Protein chains: 2
Amino acid sequence: MILKYDEVVRSGIAKQVAENIRSAIMDGRLKVDERLPSEEDLARSFGISRPTVREALKRLAAQNLIHSKRGPTGGNFVKRPDPEGLSKAITGAATLLVGVGAFDIEEIITARRETETICCRLAAERPDPAYLALMEDEIRVQEDKSLSDEDFCASDVRFHRALVDSTGNGPLKLMMYTVIEAFIPITNMIVFRVRERRRVASLHRDILEGIRAGDAARAVAALGQLLDYVSQSYAAALQARENRKLAGSPEA
Amino acid sequence: MILKYDEVVRSGIAKQVAENIRSAIMDGRLKVDERLPSEEDLARSFGISRPTVREALKRLAAQNLIHSKRGPTGGNFVKRPDPEGLSKAITGAATLLVGVGAFDIEEIITARRETETICCRLAAERPDPAYLALMEDEIRVQEDKSLSDEDFCASDVRFHRALVDSTGNGPLKLMMYTVIEAFIPITNMIVFRVRERRRVASLHRDILEGIRAGDAARAVAALGQLLDYVSQSYAAALQARENRKLAGSPEA
DNA sequence: TTTTAAATATAGGTCTGACAAATATCTGCG
DNA sequence: CGCAGATATTTGTCAGACCTATATTTAAAA
């Protein structure tokens with residue numbers, strides 16, 4: 001008997017059942033791809049109703065821990081953890097955090113500077129033609145003057161994603177998804193109005209060529225310039241807003 | 001009417017409702033702390049049953065997007081996103097990934113080296129007495145010879161967490177939780193058998209004193225030595241296993 | 001004999017309707 | 001005026017039923 005019913009207080013049963021199963025997965029009592037007992041069996045063995053069991057299972061499904069399949073060979077199965085799904089989840093949550101103003105923009109820029117510097121260095125150590133080509137493609141996209149602001153930002157994100165991927169370091173990539181999917185868009189959102197695309201694209205090219213040449217210092221320097229420019233743009237945007245405020249209510 | 005019923009195909013209704021509400025939260029149509037319609041109202045307006053609505057809501061609750069309260073003033077409320085909850089979620093998922101062997105240990109050590117180096121540098125720029133004291137405490141704990149292996153590892157994690165927190169950079173802290181809660185434990189798990197505690201504690205002290213003195217180079221150097229040591233210990237552990245294998249089946 | 005099509009059994013997906021439990025608010029009595 | 005109890009609202013749980021997808025088995029047809 002893998003799952004046990006541990007004397008539950010009379011509130012949040014579904015939550016507790018979910019936690020019970022979750023811990024079974026986490027400490028390996030339930031292995032990847034293993035099938036859980038059917039919902040009815042679970043209900044019986046926990047002494048609760050099937051809808052309640054289902055609520056618990058849905059919680060786990062929402063956390064990407066299990067997935068379900070119908071039919072005779074169906075059931076609820078322990079899902080193989082995948083970095084892709086995790087990064088999606090992180091992205092969404094981090095985006096919300098950013099959206100609610102949990103972080104200062106300057107703070108975000110600092111984090112970008114430090115972490116992307118790492119990526120440049122690692123990428124330059126062992127340049128991978130495949131990712132170099134990806135970055136090249138995006139730079140070309142960014143040089144297209146007819147591009148919408150939205151598409152330009154999207155290409156910017158893809159460029160930096162390629163940069164991160166080219167490090168070939170799985171754990172680092174996992175961490176960097178937050179930067180790529182949440183922090184880069186927010187910095188773009190704020191500064192893209194005042195930003196000169198040619199400048200950005202040209203700095204992207206400097207980064208690329210630095211990496212291609214195995215010249216980490218050059219890539220890092222270009223990245224530094226890029227983020228300096230972003231930071232200045234942000235300061236300028238703040239200043240402009242301040243000026244509008246002063247001009248808007250001088251006679252008050 | 002905030003939530004609309006968008007012509008749904010006949011499968012995965014709960015999932016789609018969850019996605020509908022989720023997007024309403026993500027793009028701000030539902031604000032933080034705002035109350036959702038009662039479950040019955042939701043069921044009516046989506047044209048589905050209440051249990052199905054509840055499954056959807058549970059999915060969202062599992063993602064920390066909403067929380068519920070009973071009673072007349074109760075209901076389901078949009079939850080304020082908190083870094084704490086997010087880091088918990090990341091931690092769990094990353095731990096699973098590590099557990100399933102998704103990452104190479106050397107890769108993890110590299111990621112630790114690069115990212116924790118950042119933390120040392122930022123921490124040394126503006127040393128914060130509060131966090132210095134925390135690190136000092138943990139080093140003292142680690143010098144206690146009667147400590148269990150488990151407690152030593154736990155203290156190790158707390159030391160590195162204090163190091164990260166002392167950078168004062170919110171976005172960076174968010175990213176580093178993965179390292180702290182998932183990567184550090186796994187590296188510890190693998191090498192703690194061959195590891196000399198005195199050596200580790202002493203390197204921790206070097207890091208601390210480097211930061212205290214505002215001497216980033218010294219802290220970074222000590223961190224490097226620490227991770228070199230971890231890496232060597234890992235190699236030694238691998239070698240030992242290899243030897244056992246050879247000794248175990250020589251006549252085969 | 002092989003292939004195809006229909007029946008069947010299994011397990012998740014959804015619905016209806018009900019009661020339990022928590023809790024803010026209202027009501028009436030001291 | 002203050003407090004205890006009734007009340008209403010909303011989530012939490014339950015029971016049992018039916019629908020739907022799908023693998024397997026069985027039977028018919030080529």
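The shown structure was predicted, so the numbers you read here are calculated from the model rather than taken from an experiment. Just so we're on the same page: letters track the sequence lines, and every chain starts at 1.
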Over how many whole Å does the gap from [X] atom [atom1] to [N] atom [atom2] extend?
X	N	atom1	atom2	result
L36(B)	dT10(D)	CG	C1'	13 Å
I13(A)	dG12(D)	CD1	P	12 Å
E55(A)	dG12(D)	CD	C1'	8 Å
R54(A)	dC14(D)	CZ	C1'	15 Å
E40(B)	dA8(D)	CD	P	16 Å
L42(A)	dA11(C)	CG	P	12 Å
H67(A)	dG13(C)	NE2	P	11 Å
F46(A)	dT13(D)	CZ	P	14 Å

Quick one: is [N] close enough that its OP1 or OP2 comes under 4.0 Å of any side-chain N or O from [X]?
X	N	value
N76(B)	dT11(D)	yes
T52(B)	dC15(C)	yes
S68(B)	dG12(D)	yes
K58(B)	dG12(D)	yes

I'd like a list of close polar pairs between nucleotides 8-10 of chain C and the protein, N/O only, cut-off under 3.5 Å.
residue: dT10(C); atom: O2; partner: P72(A); partner atom: N; Å: 3.2

Pairing of [X] and [Y] as salt bridge, 4.0 angstrom limit:
X	Y	result
D128(B)	R126(B)	no
R29(B)	D27(B)	yes
E181(B)	R161(B)	yes
R140(A)	E136(A)	yes

- Note on the structure: By salt bridge (charged side-chain N to carboxylate O under 4.0 Å, His left out), D149(A) pairs with (sequence neighbours left out) R197(A)
- Are V53(B) and V17(B) close enough that some pair of their side-chain heavy atoms sits under 4.5 Å apart? no
- Message: Pick the closest DNA chain D nucleotide for E39(B) and for R50(A) by heavy atoms, then say which residue is nearer the 5' end.
- Response: E39(B)
- Task: Over 60° means perpendicular and under 30° means parallel, so classify the ring planes of F183(A) and F103(A), tilted if in between.
- Result: perpendicular
